[in-house]
Amino acid sequence: MRLYSLQLVYKQDNRVTPLVAAHDLSSFGFFERKTAKEFMDFTGKLIVERSAPDSGRSQVPEQSYICHCFVRNDKLAGICISDSEYPARVAQSLLSQVLIDVYTCSQAQFKQLEAELARYQDPKKADTLSKVQGDVNDTKAIMTQTMENLLDRGEKLDDLVARSDALSAQSKAFYETAKRTRRCCNAL
Amino acid sequence: MTASRDRTNEFQSVVQLMRGRLSNGAASGAAASASEQHSQVKARLHQRSQFNQLARRVGADLKSTCAKVEKLALLAKRQSLFDDRVPEIQELTYIVRQDLNALNQAIGSLQEVSRNGQSQFQQQQQQQSRTHSNSVVLALQTQLANMSDRFRNVLETRTETLKQNAARREQFSATSSTVDLLAKPSLLAQDDELHRTSSDVAIDMSGAEANWRRQQQALLDQNEDYLNSRADTMRNIEQTMVDLGQIFQQLATIVREQDEMVQRIDASVDQTTINVEGAHAELLKFFKTVSSNRRLMLKVFGVLIVFFVLFVVFLS
């Protein structure tokens with residue numbers, strides 16, 4: 001489940017000018033990296049060119065990758081290329097987030113894009129919804145385990161109640177016997 | 001010269017015919033000033049040509065929808081366990097349904113046109129053309145009815161196949177199968193498929209329209225899908241939290257019940273301690289008694305011996 005690249009482009013009529021791009025090419029061989037990067041950039045640019053200006057979100061599967069594309073109303077568009085297992089919702093929310101951030105910081109965009117890409121490599125931790133869902137699911141699992149432990153405890157407590165009852169009965173019998181022995185067998 | 005016939009009238013009627021066929025509604029200046037019969041003929045021809053064009057369009061749409069229904073039938077039949085092309089089938093179904101509705105409306109309007117066009121003119125001249133247009137409309141309607149029947153059969157076979165697939169999947173795999181919702185239909189792939197597999201007669205008009213319609217649907221669907229998936233996730237989280245709350249409450253109840261059990265155990269064990277302590281004390285006392293008896297015995301025995309000695313000394 002990986003992200004391969006994240007690009008921001010500016011779509012104006014039919015021309016597309018790439019603004020910033022970040023790539024994670026560690027899964028390609030050393031000599032393939034350059035061609036892979038060019039290919040990804042080209043594919044992203046092509047897809048944005050071909051999408052209508054108000055098409056919003058779309059996904060284009062291609063071989064074993066999926067290109068998530070988000071074209072906003074103000075002509076900014078983002079493309080995220082991931083493999084086919086990456087959840088589409090997280091990719092789209094990453095694109096929304098990045099496109100919102102573009103307005104806030106203009107200088108250090110590139111570094112931030114790389115950081116975001118690296119952060120979103122693990123969708124469970126980066127996306128808020130996924131994180132919350134993961135936490136809640138873990139908590140539920142732990143609570144189920146706790147309930148099971150509690151039920152075991154209940155069983156053991158039942159067992160203990162029975163045994164302590166038996167113990168107290170036996171000790172009482174013991175006491176009676178001792179008293180009787182003292183009374184009766186005195187003259188031995 | 002005298003052998004020549006005056007065919008001006010025929011020529012003029014032919015010209016009217018051609019003009020009516022070529023230009024649909026272009027009322028030339030000459031037609032306005034022509035005689036009433038010519039204007040009647042021209043208007044009639046205009047109606048006829050409009051009707052013809054509409055009928056032709058409806059026929060072309062019908063043919064394309066027929067092809068789509070065939071494709072759907074093929075897809076529905078060839079459902080294997082793992083090659084499930086669910087989104088394609090769903091989209092195709094949706095599009096075919098819309099096409100059927102549009103065709104219905106188009107045939108209705110065609111009927112209206114044919115009825116309106118002929119109510120203005122004299123009846124006996126229009127008898128044949130009226131029967132012709134009626135038979136055309138009837139033919140189109142029967143074709144539409146056949147196609148919708150076939151569509152319904154396809155849907156039924158598809159539900160059958162789905163049921164069989166689900167049964168076989170349960171048989172072969174222990175875990176329940178989940179439909180892969182991640183594979184969304186893409187626009188470019190659909191484009192390719194349409195151009196590859198369509199066998200339409202009128203590719204340009206109806207193909208482009210259906211394609212544009214499909215694209216719009218797919219885009220809207222994808223936009224909605226993103227929001228729907230977010231909404232689903234939220235709902236999941238909320239449900240899990242509610243479950244967690246219930247689990248906590250059950251936990252509290254069970255702990256309170258177990259508290260009572262713990263107190264019973266405590267009481268029993270205390271009782272046991274008391275009993276054992278008491279028994280221990282009794283035994284000690286017993287032991288003391290046993291051990292102290294000897295002392296007493298000694299004393300008693302000593303006194304007895306003294307008495308015995310005295311008795312013996314006294315006697316002797």
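Just so it is clear: chains get the letters A, B, ... in the order the sequence lines come, proteins before strands, and each one is counted from 1. Hydrogens, waters and symmetry mates play no part in the numbers below; they use all other heavy atoms, side chains included.
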What part of S96(A) is in contact with chain B, defined as an atom under 4.5 angstrom from a non-hydrogen atom: side chain, backbone, both or neither?
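Just its side chain gets close to chain B.
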Segment of S93(A) engaging chain B (4.5 angstrom heavy-atom cut-off)
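Contact with chain B is through both the backbone and side chain of S93(A).
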Can you name the salt bridge (Lys or Arg N to Asp or Glu O under 4.0 Å) partners of D127(A), sequence neighbours left out?
R89(A)
How long is the gap from [atom1] on [X] to [atom2] on [Y], to the nearest 0.5 Å?
X	Y	atom1	atom2	answer
N137(A)	L244(B)	CG	CG	9.0 Å
Q92(A)	D225(B)	CD	CG	10.0 Å
M147(A)	F248(B)	CE	CZ	10.5 Å
K131(A)	I237(B)	NZ	CD1	11.5 Å
I142(A)	I247(B)	CD1	CD1	11.5 Å
D243(B)	K140(A)	CG	NZ	4.0 Å

Chain A contacts, top residue of V262(B), V276(B), I265(B) (heavy-atom pairs, under 4.5 Å):
I265(B)
Does a sphere of radius 6.0 Å around [atom1] in [X] hold more than 12 heavy atoms from other residues, nucleotides or ligands, not counting ones at 6.0 Å or beyond?
X	atom1	value
R33(A)	CZ	yes
Q249(B)	CD	no
R264(B)	CZ	no

Residue pairs involving residues 141-158 of chain A (criterion side-chain hydrogen bond (donor to acceptor under 3.5 Å, both in side chains); sequence neighbours excluded)
R153(A)-Q258(B)
Any pair with a residue in residues 279-288 of chain B that passes side-chain hydrogen bond (donor to acceptor under 3.5 Å, both in side chains), sequence neighbours left out, goes on the list, sorted by first then second residue, please.
R182(A)-E282(B)
I'd like to check [X] versus [Y] (side-chain heavy atoms, cut-off strictly below 4.5 Å). Are they in contact?
X	Y	result
L150(A)	V255(B)	yes
Y226(B)	S58(A)	no
S164(A)	Q271(B)	no

Could you pull out the closest heavy-atom pair between [X] and [Y], with the gap in Å?
X	Y	value
Y175(A)	N275(B)	CB-O, 3.7 Å
M261(B)	V161(A)	O-CG2, 3.5 Å
T181(A)	F286(B)	O-CE1, 3.4 Å

Without swapping roles, check the side chain of S168(A) against the backbone of T272(B) for a donor-acceptor pair under 3.5 Å.
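It does not hold such a pair.
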Report, in residue-number order, which members of residues 301-308 of chain B are under 4.5 Å from chain A by heavy-atom distance.
none
